Student: 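Would you mind keeping the following structure in view while I ask a few things?
Chain A is the first sequence line, chain B the second, and so forth, proteins listed ahead of strands; every chain is numbered from 1. Computed from a predicted model, the values in this text were never measured in an experiment.
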Number of protein chains: 2
Amino acid sequence: MATIKDVAEAAGVSTATVSAVVNDSAYVSPELRSRVLAAVRELRYAPSLVARNLRSGRSQLIALVVADLANPFYARIVTAAEAAVAAWGYSLVLFNSDEKPDIEKRIFSRIRTLGCDGSVIVPVGAESHYQRRDFEGGAPVVLLGRSIGDAGVDTVTIDNLSAGKQATNYLLDLGHRDIGSITGPSQLTTGSGRLQGMLDAMAARGLAPKTGHVRSGEFREDTAYSVARDLLGQPDRPTALYVANGVMAIGVMRAVADLGLRCPEDVSIASTDTVAGAGGLKPRLTRTEHPVKDMTNEALRMLVDRIEGKVAEPSRNVVFQPALVVGESCSPLKSSHIPA
Amino acid sequence: MATIKDVAEAAGVSTATVSAVVNDSAYVSPELRSRVLAAVRELRYAPSLVARNLRSGRSQLIALVVADLANPFYARIVTAAEAAVAAWGYSLVLFNSDEKPDIEKRIFSRIRTLGCDGSVIVPVGAESHYQRRDFEGGAPVVLLGRSIGDAGVDTVTIDNLSAGKQATNYLLDLGHRDIGSITGPSQLTTGSGRLQGMLDAMAARGLAPKTGHVRSGEFREDTAYSVARDLLGQPDRPTALYVANGVMAIGVMRAVADLGLRCPEDVSIASTDTVAGAGGLKPRLTRTEHPVKDMTNEALRMLVDRIEGKVAEPSRNVVFQPALVVGESCSPLKSSHIPA
DNA sequence: CTCTCTTAGCTAATCGATTAGCTGACTTTT
DNA sequence: AAAAGTCAGCTAATCGATTAGCTAAGAGAG
């Protein structure tokens, strides 16, 4: 690789002049300018980002740390982030913390040594992990997707409460009163928040799920399957179910089919899904979806603002609203279901 | 960020000593060593990769360029690559060429200026794009997934011929003789290769598909749906179909259902799929799968070998074999199908 | 006691680019 | 004609780490 010195020598000028021509940062006479450009072409010179970075303290790199690359939700974040990062003129360095806080810690130090200009992180650790000191002296950070306690950093999250509310209200509007739920783990905000939203929606109409009609499916397909099978096999099964995520919805649909029930005729299913589609299920699911692309774009916009020093505020928290997407998995409550 | 100078000052030693301690590259007395380590911890010093880079000419970065991030196949490559790259002590810089040769070209120059130590590329351009001169003077490259003409670089590909053969042989072994195929675009090796394998397998038993029983589904679900619907709606429909990829298989299954046919009772379906599962279709598909993880690991092993100068050969081409995964979408030919 | 050998740790050059600040030629002003 | 001003282009410092080569102190030999 040719260096700026080679070019300077070939053109019979100083490196400063070459730099001025290449960056168009100072006036250079047409005579010298053309000699420099000729030498650049001749030697196929491309300025080394590494050297430029050392001087400027910038790396043009933005790190993205996701919790589980194999999960389609994060895969979509990666897709959106790559496009956004490229559009802002940076390159994307990708890390997978695999839901392990200790791996995440090692990644953080790696990001520091790489000199990344900033990072978008889907946090996996407990709140304590993200106290400001962890980022102190380092590059700006935006936390994406999962809400953790206020760590004094920018965050972009989803309104899980609203997701549960929207899906449940849809079922309520169809006339359902006996609604059950397959929930996620209560220690995750994605689990507890959505359930709380569902309960809030019902409470707003003076209702509450029957005892035993709210079960944890652990965000897992197999668990959701067995829990749903048990719940729907009972004589007083709910007429509708709110399922707190997409993989569980697949398990629930399987349970419905295996019990000889039909969806939506016998039971209405509404869910919250992080990504579109839930694997092309047969009756397309009525669900709330996360605006993954918008969220990711916003996270990167916030990050780039910080990197380029355009923001003064200490920390901003943007909350996105999920969107209700109506499929064919819900039907109005049939009169036969209405108790006498 | 603390620099090596700050640490040297704090510990009362020279920068050379700090470097020696940090890199364990020379003997340092326990006394000084501990003072240095204390200062490192105190100042949260992490050596700047940028500076180290400039000196060593290495960047510890490996670029991965995929053709379409939104495609689950490439998403799996990304997942496997991130893990492999991390295991080798590098970091992954991710690019999406979006199937566009001109974007790919820009990415190549970006990779050069970033000073990446090497790249794994899923090529999208025509052969001419990858002639050796494009990489000349640059870092080592391994082409992954798609085979292009011999460009003098290392490649890791899949045996598409074998994929078509294996799936078709399975159908033949079940007694099927009238087998049709929904193929991909013939200009792609993944399209033409798999079809050729299917034809070869039949020819090996003195058979050939009937006229009109081989149709192009363009690797698209909707096209595959309408083509399959047309093909299977005819009175002399084939008893079995070989579908050349996973998304098309979803379309075909939908067509089967919409025609009131049952799989595998009325028609057997075997496919080739790049990733596992094909979205959890109802009768699980019998298919050939790509060993994505193994392929990606091998590509990175080859790349790291080159980067670290362990290989002499001009170029190596590794071809992986697809694996047949038996599901429930194929059944033996029923006697009613056998012509009198 | 002097000379040589060893070696811990330091000084300073280096990687490639940017840029503050200087030089000297030329122009303008009085 | 001398002083002042302008500015194209150069010199050299700088970013942070590594490392060749040097220094000086201690050990061992004679």
Student: For A:Val18 and for B:Tyr27, find the nucleotide of DNA chain C with the closest heavy atom, then tell me which residue's nucleotide is more 5'.
Tutor: B:Tyr27

Student: So what does A:Val22 touch, heavy atoms closer than 4.0 Å: a base, only the sugar-phosphate, or nothing?
Tutor: nothing

Student: Within the structure, does a side-chain N or O atom of A:Thr15 lie under 4.0 Å from either OP1 or OP2 of C:dA17?
Tutor: no

Student: Does the side chain of B:Ser19 get closer than 4.0 angstrom to OP1 or OP2 of D:dT18 through an N or O atom?
Tutor: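 Yes, B:Ser19 has a side-chain N/O under 4.0 Å of OP1/OP2 on D:dT18.
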
Student: To the nearest Å, give me how far apart CD (A:Gln60) and P (C:dA17) are.
Tutor: 14 Å

Student: Base, sugar-phosphate, or nothing for A:Val50, non-hydrogen atoms under 4.0 angstrom?
Tutor: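 Result for A:Val50 = nothing.
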
Student: From the list C:dT11, C:dG9, D:dG9, which nucleotide is the closest neighbour of the side chain of B:Leu32?
Tutor: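 The closest nucleotide is C:dG9.
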
Student: Would B:Asn160 and B:Thr190 count as a side-chain hydrogen bond (donor to acceptor under 3.5 Å, both in side chains) if you check the C-alpha gap in whole Å, the side-chain angles of each, and the deciding distance to 0.1 Å?
Tutor: CA-CA 6 Å; B:Asn160 283 299; B:Thr190 43; 5.6 Å; no

Student: Any side-chain N or O of A:Thr17 below 4.0 angstrom from OP1/OP2 of D:dA8?
Tutor: no

Student: Atom CZ of B:Arg33 to atom P of C:dG9: distance rounded to whole Å?
Tutor: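 B:Arg33 atom CZ is separated from C:dG9 atom P by 10 Å.
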
Student: Would you check if there is a donor-acceptor pair between the side chains of A:Asn53 and A:Ser59 at a distance under 3.5 Å?
Tutor: no

Student: Ignoring hydrogens and angles, does a donor from either the side chain of A:Arg52 or the base of C:dT18 sit under 3.5 Å from an acceptor on the other?
Tutor: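 Not at all, since no donor on one side and acceptor on the other fall under 3.5 Å apart.
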
Student: Looking only at the side chain of B:Ile4 (C-beta and beyond, no hydrogens), which of the listed nucleotides C:dG16, D:dA17, D:dC10 gets closest?
Tutor: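 Among C:dG16, D:dA17, D:dC10, the one nearest the side chain of B:Ile4 is D:dA17.
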
Student: Salt-bridge test for A:Arg306 and A:Asp117: reply yes if a basic N is under 4.0 Å from a carboxylate O, no otherwise.
Tutor: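 The answer is no: the pair does not qualify as a salt bridge.
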
Student: Let me know the distance between CG of A:Asn53 and C1' of D:dA17, rounded to the nearest Å.
Tutor: 15 Å

Student: Which nucleotide sits closest to the side chain of A:Tyr45: D:dG16, C:dA17, C:dG9?
Tutor: C:dA17

Student: Please determine if a side-chain N or O atom of A:Ser14 lies less than 4.0 Å away from the OP1 or OP2 oxygen of D:dC10.
Tutor: yes

Student: Toward the 5' end of DNA chain D, which comes first, B:Ala51 or B:Ala20, by nearest nucleotide?
Tutor: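 By nearest-heavy-atom nucleotide position, the 5'-most residue is B:Ala51.
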
Student: Please tell me if A:Asn23 has a side-chain N or O lying less than 4.0 Å from either OP1 or OP2 of C:dT18.
Tutor: yes

Student: May I ask you to check whether B:Asn71 and B:Arg76 show a side-chain donor-acceptor distance below 3.5 Å?
Tutor: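 There is no such pair (donor and acceptor under 3.5 Å, judged by atom type) between the side chains of B:Asn71 and B:Arg76.
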
Student: In whole angstroms, how far is the C1' atom of C:dC10 from the CZ atom of B:Arg35?
Tutor: 14 Å

Student: Where the side chain of B:Arg55 is defined as all heavy atoms beyond and including C-beta, which of D:dG16, C:dT19, D:dG9 is the nearest nucleotide?
Tutor: D:dG16

Student: Under the side-chain hydrogen bond (donor to acceptor under 3.5 Å, both in side chains) criterion, do B:Ser315 and B:Asp154 qualify, and how do the steps go?
Tutor: CA-CA 5 Å; B:Ser315 80; B:Asp154 292 341; 5.0 Å; no

